Number of protein chains: 2
Amino acid sequence: MTSRPADIPSTEPISKSRLRLWLKLLKTSGSIEEELRRRMRAELGTTLPRFDVMSALARAPEGLKMSEISRRLRVSNGNITGIVDKLTEEGIALRVAVPGDRRANLVRLTPKGQKIFAEHAGRHEAWIDEILAGLNADDVAGMMLRLEHLSDTLEGD
Amino acid sequence: MTSRPADIPSTEPISKSRLRLWLKLLKTSGSIEEELRRRMRAELGTTLPRFDVMSALARAPEGLKMSEISRRLRVSNGNITGIVDKLTEEGIALRVAVPGDRRANLVRLTPKGQKIFAEHAGRHEAWIDEILAGLNADDVAGMMLRLEHLSDTLEGD
DNA sequence: CTTTAATATTTTAAGCTTGAAGTAAAATTG
DNA sequence: CAATTTTACTTCAAGCTTAAAATATTAAAG
């Protein structure tokens, strides 16, 4: 594994290589995300953050506390408040009181929300399959191994 | 390259593998970005978008048109207007008229902006080096190859 | 108990982001 | 050369995002 584009000197310091890797990672990830965001809006009339919240709720039929949603999605608390407010107004989610703790709420998908999410999730998976169609099973496995290694080196991830 | 975590069946359809890969890519990239954003704010009192614009300008001493900045950074036109407004107010960037085309402006870093960017860029590279310290030269090269392959399969990127 | 600390969430202010609509200037067409 | 289209940019409305401050409640300490 010593091949490299002709314009990158082998004597490049490792810090430059790491920087180059990060910029590539950011660009690649951003391209895919941009395409997903575009389709979410155009074809489903929703946004990635909403989809992410619904996705988290769909995996927890018993409901999730607000703080648990923000922890899982790695976004701030206040952020989730606004998104759940909207989903609630639309009858997609609802807040259920937690017996014995009047501070907290459990957020759940309504039946309507479950139905909508199932549709959206199917479309989402099909889009990813389409966008990543150029990667075969070996490509996917190889990339996944690299990412797991990288992710392991990011402490506390 | 057939190893895989024990909880993922080898019979998983490729679409599921691709979805899993995307989620991993998104999470990894997001973790790094989050850490960078945090340090930008805490240690430099700036933001990633501002840094990105300054970075684009730093590479083009002769200046860039607004539309060229937004094209390179893959963000909307209106977005760049606001960021360049701020940089201009702060004396970091300036708009220069384009002779013969009164619609367009060339945006440049001021000497002050160049100085600030040089400092920020040094810190930024050091942070990446630190965050990715767990990857040696071979890791970086291998990951880069995978990313280039992936990026090649995303048409028009 | 009652003061203090921790937890759960919401509100707020500031800034980023987009897509669409608006303005102005330049290029093209007939 | 007048009408139309394209290009460059800004403004706008709506929504996402964060960190910090504010509320409310529960738990812990003395």
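The structure presented is a predicted model; accordingly, all values stated were derived computationally and were not measured. Residue numbers begin at 1 in each chain, while the letters A, B, ... track the order of the sequences.
You can see that DNA chain C meets the heavy atoms of chain A within a 4.0 Å-exclusive cut from C:dT7 to C:dG19, reading 5' to 3'.
The distance between atom CZ of B:Arg38 and atom P of D:dA19, rounded to the nearest whole Å, is 9 Å. At whole-Å resolution of the value, NZ in A:Lys65 and P in D:dA24 are 19 Å apart. Put simply, CD on A:Glu89 is 14 Å from C1' on D:dA14, counting in whole angstrom units.
Taking 4.0 angstrom as the limit, A:Arg74 places none of its side-chain polar atoms (N or O) nearer than this to OP1 or OP2 of D:dT18. Of the side-chain N and O atoms in A:Asn79, none sit less than 4.0 angstrom from OP1 or OP2 of D:dC16. Phosphate contact (OP1/OP2 of D:dT26, side-chain N/O of A:Arg102, threshold under 4.0 Å): present. Contact between the side-chain N/O atoms of A:Ser76 and the OP1/OP2 oxygens of D:dT17 is not found at any separation under 4.0 Å.
The backbone N or O of A:Met144 sits nowhere less than 3.5 Å from a side-chain atom of B:Arg20 that would complete a donor-acceptor pair.
Within the 4.0 angstrom heavy-atom criterion, only backbone atoms of the sugar-phosphate kind lie near A:Arg95; the bases stay farther away.
Using cut-offs of 30° and 60° for the angle between ring planes, the A:His120 and A:Phe51 rings count as parallel.
Sequence order on DNA chain C of the closest nucleotides to B:Arg37 and A:Leu64 puts A:Leu64 first from the 5' end. Residue whose closest nucleotide on DNA chain C sits further toward the 5' end, between A:Gly82 and A:Arg41: A:Gly82.
With sequence neighbours left out, the salt bridge (charged side-chain N to carboxylate O under 4.0 Å, His left out) criterion links B:Glu35 to B:Arg38, B:Arg39.
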